[in-house]
Amino acid sequence: MIKKRKKNLSTEVYALGQHICMSAHKARRGVDQIRRRSYEESLMILELMPYRACYPIFKLVYSAAANASHNMSLNEANLVISKAEVNEGTAVKRLKPRARGRSYLIKRPTCHITIVLKDISLYKEFEEYTVYSKKSGLITKKKNKNLTCHDTYSSGGLWDKK
């Protein structure tokens with residue numbers, strides 16, 4: 001099931017994979033690595049990770065990008081994974097034969113994976129020149145780009161104590 005969403009600032013497209021036969025805990029290991037990364041970087045990470053959950057996640061990321069390029073004609077180079085979540089699905093119940101004609105219940109967990117891609121090209125242009133205010137609405141002005149980086153190692157705050 002593939003759906004698309006539109007928002008005010010930017011365009012979001014998502015792909016949803018349901019009833020994937022693995023536990024949600026194991027799928028979250030792969031999803032946590034690609035959250036808030038670019039589309040191309042996440043594909044490289046998923047190809048090189050040794051987990052079994054990476055292949056269905058790879059297919060979902062690729063499918064969401066294909067939705068974005070085909071349905072909304074967005075460029076794949078500007079896509080970023082804005083939201084990636086894994087939810088638990090229903091447990092598939094199987095019976096395994098045991099000794100003396102008894103049966104043993106086996107529960108195989110499933111999960112639902114949602115990958116949301118956002119086009120950041122429009123968002124970056126909009127963010128540079130506007131600032132939101134809750135009281136007065138939308139105020140347009142240029143954003144301050146002079147940001148300082150405080151490094152704890154070079155500042156002498158953490159490791160220079162004797």
Consider only side-chain heavy atoms of I, L, V, M, F, W and Y, link residues closer than 4.5 Å, and tell whether Tyr62 and Tyr51 are in one cluster.
-> yes

dist Arg28:CZ -> Asn87:CG (nearest 0.5 Å) comes out at 7.0 Å

Find out if a path of hydrophobic residues (ILVMFWY) with successive side-chain heavy-atom gaps under 4.5 Å connects Val31 to Met44.
-> no

Could you walk me through whether Ser103 and Lys96 pass the side chain to side chain contact (heavy atoms under 4.5 Å, CB included) test, one step at a time?
-> CA-CA 6 Å; Ser103 61; Lys96 185 175 183 181; over 6 Å; no

Within the distance-only criterion (no hydrogens, no angle test), does the side chain of His112 pair as donor or acceptor with the backbone N or O of Leu16 below 3.5 angstrom?
-> no

Interatomic distance, CG@Leu117 vs NZ@Lys83, rounded to 0.5 Å, equals 12.5 Å

Give a yes or no on whether Leu79 and Met72 share a hydrophobic cluster (residues Ile, Leu, Val, Met, Phe, Trp, Tyr; joining criterion: side-chain heavy atoms under 4.5 Å apart).
-> yes

What distance do Ser121 atom OG and Asn75 atom CG have between them, rounded to the nearest 0.5 Å?
-> 7.5 Å

Rounded to the nearest 0.5 angstrom, the CD1-CG distance for Ile34 and Leu43 is 8.5 Å

So, the side chain of Thr110 versus the backbone of Thr90: is there a donor-acceptor pair under 3.5 Å, distance only?
-> yes

What salt bridge (Lys or Arg N to Asp or Glu O under 4.0 Å) pairs are there with at least one residue in residues 34-50, not counting sequence neighbours?
-> Asp32-Arg35, Arg37-Glu41

With no hydrogens and no angle check, is any side-chain donor or acceptor of Ser42 less than 3.5 Å from a backbone partner on Ser38?
-> yes

Before giving the answer on side chain to side chain contact (heavy atoms under 4.5 Å, CB included), spell out for Val61 and Tyr39 the whole-Å C-alpha distance, their side-chain angles and the decisive distance to 0.1 Å.
-> CA-CA 8 Å; Val61 171; Tyr39 163 69; 3.7 Å; yes

Under the side chain to side chain contact (heavy atoms under 4.5 Å, CB included) rule, what do Val13 and Val116 come out as? Steps first, then yes or no, please.
-> CA-CA 6 Å; Val13 179; Val116 180; over 6 Å; no

Taking all non-hydrogen atoms of both residues into account, name the closest pair between Ala84 and Ile115 and its distance.
-> CB-CD1, 3.9 Å

Residues Asn67 and Ala15: closest non-hydrogen pair is ND2-CB, 4.4 Å

Which heavy atom in Gly17 sits nearest to a heavy atom in Leu60, and how many Å separate them?
-> N-CD2, 3.6 Å

For Lys107 and Ala91, work out which heavy atoms get closest and say how close.
-> CB-CB, 4.3 Å

Heavy-atom closest pair (Glu76 atom, Ala65 atom, distance to 0.1 Å) is OE2-O, 4.0 Å

Rounded to the nearest 0.5 Å, what's the gap from CZ on Arg29 to CD1 on Ile57? Could you check?
-> 10.0 Å

Could you please spell out the steps behind the side chain to side chain contact (heavy atoms under 4.5 Å, CB included) verdict for Cys111 and Ile113?
-> CA-CA 6 Å; Cys111 65; Ile113 303 174; 4.1 Å; yes

Using a cut-off of 6.0 Å, state whether more than 12 heavy atoms not belonging to Arg108 lie near its atom CZ.
-> no

Nearest heavy-atom contact between Cys21 and Arg52 is O-NH2, 3.3 Å

Can you measure from OH (Tyr14) to OG (Ser82) and round to the nearest 0.5 angstrom?
-> 12.0 Å

